[in-house]
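Below is one structure; the comments refer to it alone.
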Amino acid sequence: MATRISLRQARRFLLRKHGLLGARRFRGSEGLLSYVGQVGCVQYDPVDVCGKSHELAFLARVEDFSRGMLEELLYGRRELIDFFDKNMSIMLTEDWPCLEHVRTYYRERSRSRAAVDEIAPEIMRVLQKKGSASSQELGIAGRADWYWSETSLSRAALETLYFRGDLVVHHKKGTVKSYAPADVCLPEALLRAACPFKSGQERQTWQALRRIGAVGLMWNAPSDAWLGIDGMKASERGRAFETLLDRGEILPVEVEGIEKPLYVKTGDLTMLSGCEGPFSGAKRVRLLPPLDCMLWDRKLIAALFGFRYKWEIYTPLEQRKYGYYVLPVLYGERFAGRIEPVCERKRGVLSLRRFWPETGFRATEAFVEALEKEMERLRAFHGLERVEWENGWMQG
C-alpha cells in the first residue's frame with residue numbers, strides 16, 4: 001500500500017535529503033564523500049561561467065567546500081574518481097567494479113579502434129616511465145575520427161584507454177587532463193574485483209535504485225534521470241522497479257495532486273515521515289547548478305514545485321528566454337527564481353547580472369540579505385575581490 005503525503009511534505013523531503021533546507025548538513029571532506037555516496041554520482045561539466053556544475057552542486061551543500069578539497073579526494077586520496085555513469089560524473093572509487101559494462105563497451109566498440117590499438121602499447125610504456133602525461137605532452141602525430149569531430153590521435157588514444165579502464169585521470173590543470181596507468185593509482189584488489197552483476201538486468205536494477213536515491217523521489221516513466229543506463233528501455237525499467245519493490249528496497253508514494261505514483265528508497269522513509277510538519281528554521285538561499293541531481297527530472301520538479309527550468313546553453317541566442325548560464329535559486333522551501341552570476345576574473349569581480357523572480361514571489365529584504373550572503377560565499381570560493389550588483393538586476 002502506498003504512503004500518502006502532501007505536496008509540501010514531498011518538497012520538504014527532497015530539499016532535506018539534498019542538504020538544501022536550513023543549515024548545510026554536509027561538512028568538509030567527509031561530508032562531500034557522504035553526499036556523493038548518497039546520490040551515487042555527481043554529473044561533471046567543464047563549462048565555467050560562475051563555477052563548473054559539479055563545483056556548484058558541492059558548494060550548495062558542503063560547508064567549507066573548496067576546489068582543493070575535491071582535487072585531494074580525486075587525485076590525492078583517490079576516494080573519488082571521474083568516470084562515466086550518468087554521462088561523465090564524479091563518484092566513489094569503490095564503485096569501479098560496478099561500471100565494468102562501460103569499460104567493456106569501449107574495448108569492443110570505440111571509434112578509431114584500429115589506430116588506437118596500434119599505438120596503445122607504446123603509450124602504456126611511455127606512461128609507465130613518465131608517470132603521467134596529457135595528449136599535448138605525448139606529441140603523437142596524426143588525426144582520428146572522434147565522437148564530436150576529428151581530433152588528435154594522441155587525445156583519442158588516451159581517452160579510449162581511459163574509457164577502457166587501462167588509464168585513470170592523474171590530475172587536471174583547468175580542463176586539460178593528464179593520465180596515468182590505473183594499476184599505479186588504484187589498489188590491485190579493486191582493479192581485479194569482479195563485476196558484481198550476473199546480467200544486464202541486474203546491473204540496470206542497481207542503477208535504477210541508484211538514480212532513485214540520487215533524485216530522492218522518482219516515477220516509473222521516461223526521464224533524463226535514466227540517462228547512461230545502457231540498454232534500459234520501458235520494459236527493462238518496469239522490471240527493475242518490480243524487482244526493487246519485491247525486494248522491499250523501494251516503496252510507492254502517492255503525492256497530493258500527482259497522478260503517477262512516486263517511489264522512495266526504503267531507507268529514506270524515516271526522513272520522509274519526519275518532513276510532515278512545517279520547517280521552522282531560518283530561510284536560506286541556495287544556488288543550484290544546471291546539472292544538479294535534484295533537477296535531473298525537470299518534469300518532476302515542475303510537478304512538485306511548479307518550477308520549470310531549461311538550461312539554455314544550447315539554445316540559440318534569439319530564442320533564449322533568460323540567459324546562457326542561469327542558475328535556479330532556492331529560498332527556504334521554494335524556488336524563488338533564477339539568477340545570472342558571472343565571474344569577471346580579470347577585474348576580480350563576481351557580477352550579478354540579473355535575477356528573474358518566479359510569478360508570485362516577492363523579493364523581501366530578508367531574501368535580498370540571504371542572497372547577498374550566498375553571493376559572498378560564491379565570491380570567496382572563486383577568490384574574487386568583490387560582488388557587483390548590476391543596475392536593473394531585479395527583473396520583472
Side-chain angles (χ1 to χ4, degrees), residues 10 13-14 17-18 35-45 53-54 57 82-92 95 97-106 109 147 163 195-247 249-253 255 258-268 288-305 307-311 313-314 328:
F13 164 71
L14 279 188
K17 178 174 170 63
H18 280 272
Y35 175 66
V36 175
Q38 172 182 293
V39 298
C41 70
V42 174
Q43 199 166 340
Y44 170 87
D45 191 82
S53 186
H54 59 285
D82 24 27
F83 199 63
F84 277 111
D85 190 344
K86 184 185 180 291
N87 300 324
M88 184 57 70
S89 302
I90 293 169
M91 66 204 76
L92 296 179
D95 289 337
C98 300
L99 300 168
E100 176 60 24
H101 65 285
V102 177
R103 297 187 287 274
T104 299
Y105 175 91
Y106 282 99
R109 303 180 221 179
Y147 289 90
F163 299 153
C195 173
F197 311 120
K198 294 184 175 69
S199 66
Q201 185 66 48
E202 275 192 25
R203 186 255 306 162
Q204 291 166 355
T205 301
W206 173 78
Q207 287 181 293
L209 181 64
R210 189 171 168 90
R211 301 298 171 82
I212 294 168
V215 178
L217 289 168
M218 276 299 297
W219 38 31
N220 181 5
S223 169
D224 283 353
W226 312 123
L227 289 175
I229 305 182
D230 182 52
M232 192 172 84
K233 297 181 180 178
S235 58
E236 290 82 3
R237 187 181 67 243
R239 284 197 291 272
F241 271 75
E242 287 175 10
T243 299
L244 293 170
L245 283 165
D246 288 344
R247 290 178 185 168
E249 294 184 66
I250 61 172
L251 295 168
V253 176
V255 180
I258 296 180
E259 293 183 3
K260 297 176 186 175
L262 300 181
Y263 296 86
V264 63
K265 289 179 71 172
T266 304
D268 287 333
L288 297 188
L291 301 175
D292 196 272
C293 298
M294 200 180 82
L295 302 178
W296 281 351
D297 192 312
R298 304 287 168 83
K299 290 181 180 178
L300 178 65
I301 293 300
L304 291 175
F305 291 89
F307 181 73
R308 290 166 175 79
Y309 176 70
K310 178 184 179 182
W311 191 23
I313 192 169
Y314 300 114

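Along the sequence shown, the residues carry numbers beginning at 1.
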List the steps and the verdict of side-chain contact (heavy atoms from CB on, under 4.5 Å) for R103 and F83.
CA-CA 10 Å; R103 297 187 287 274; F83 199 63; 3.6 Å; yes
> Do I250 and L245 come within less than 4.5 Å of each other through their side chains, counting heavy atoms only?
Replying inline: yes
What I'd like to find out is whether the side chain of P290 reaches to under 4.5 Å of the side chain of I313, using heavy atoms alone. no
To the nearest 0.5 Å, atom CZ of F84 lies from atom CE of M91 at 9.5 Å
In short, G216 meets F13 closest at the heavy-atom pair O-CE2, 3.5 Å
Value for CG (L300) from CG (L217), rounded to nearest 0.5 Å, stands at 7.0 Å
Value for CG (L251) from OH (Y263), rounded to nearest 0.5 Å, stands at 10.5 Å
### Query
So, Q43 side chain and S53 main chain: donor-acceptor pair closer than 3.5 Å or not?
no
Contacts of W226 meeting ring-ring contact (aromatic ring centres under 6.0 Å, His included) (sequence neighbours excluded), chain-then-number -> F241
The side chain to side chain donor-acceptor pair (under 3.5 Å) partners of R308 (sequence neighbours excluded) come to none
One should read off an interatomic distance between Y309 OH and I301 CD1, to the nearest 0.5 angstrom, of 12.0 Å
(message) Is there a side-chain contact between V102 and D230 in this structure, where contact means two heavy atoms from C-beta onward sitting under 4.5 Å apart?
(response) no
- Kindly say whether A240 contributes a backbone atom to a donor-acceptor pair with the side chain of T205 at under 3.5 angstrom? no
ask   = Considering only heavy atoms from C-beta outward, does the side chain of L227 approach that of W296 to under 4.5 Å?
value = no
Nearest heavy-atom approach of P196 to C98 is CG-SG, 3.8 Å
CG of L99 to CH2 of W206, rounded to nearest 0.5 Å, is 5.0 Å
Exercise. Please tell me if the side chains of R239 and Q204 come closer than 4.5 Å, counting only heavy atoms from C-beta onward.
Key: no
Shortest non-hydrogen pair, C41 vs C293, comes out as O-SG, 3.4 Å
So K260 and V255, do their side chains get closer than 4.5 Å, heavy atoms only? no
Residues passing the side chain to side chain donor-acceptor pair (under 3.5 Å) test with W311, sequence neighbours excluded, are none
Separation between CG (D45) and CG (N87), nearest 0.5 Å, reads 9.5 Å
For I229 and A208, the nearest pair of non-hydrogen atoms, with its separation, is CD1-N, 4.2 Å
Hey, does F305 have a side-chain heavy atom less than 4.5 Å from the side chain of P328?
no
Ion pair present between K233 and E236, side-chain N to carboxylate O less than 4.0 angstrom? no
Across all chains, not counting sequence neighbours, the ring-ring contact (aromatic ring centres under 6.0 Å, His included) partners of H18 are none
Residues 204-224 vs salt bridge (charged side-chain N to carboxylate O under 4.0 Å, His left out), sequence neighbours excluded, gives D85-R210, D85-R211, D95-R210
Tightest non-hydrogen contact, residues M218 and D297, listed as CE-OD2, 3.7 Å
Residues passing the side chain to side chain donor-acceptor pair (under 3.5 Å) test with K265, sequence neighbours excluded, are none
All heavy atoms of A57 vs all of V42, minimum pair found to be CB-CG1, 4.2 Å
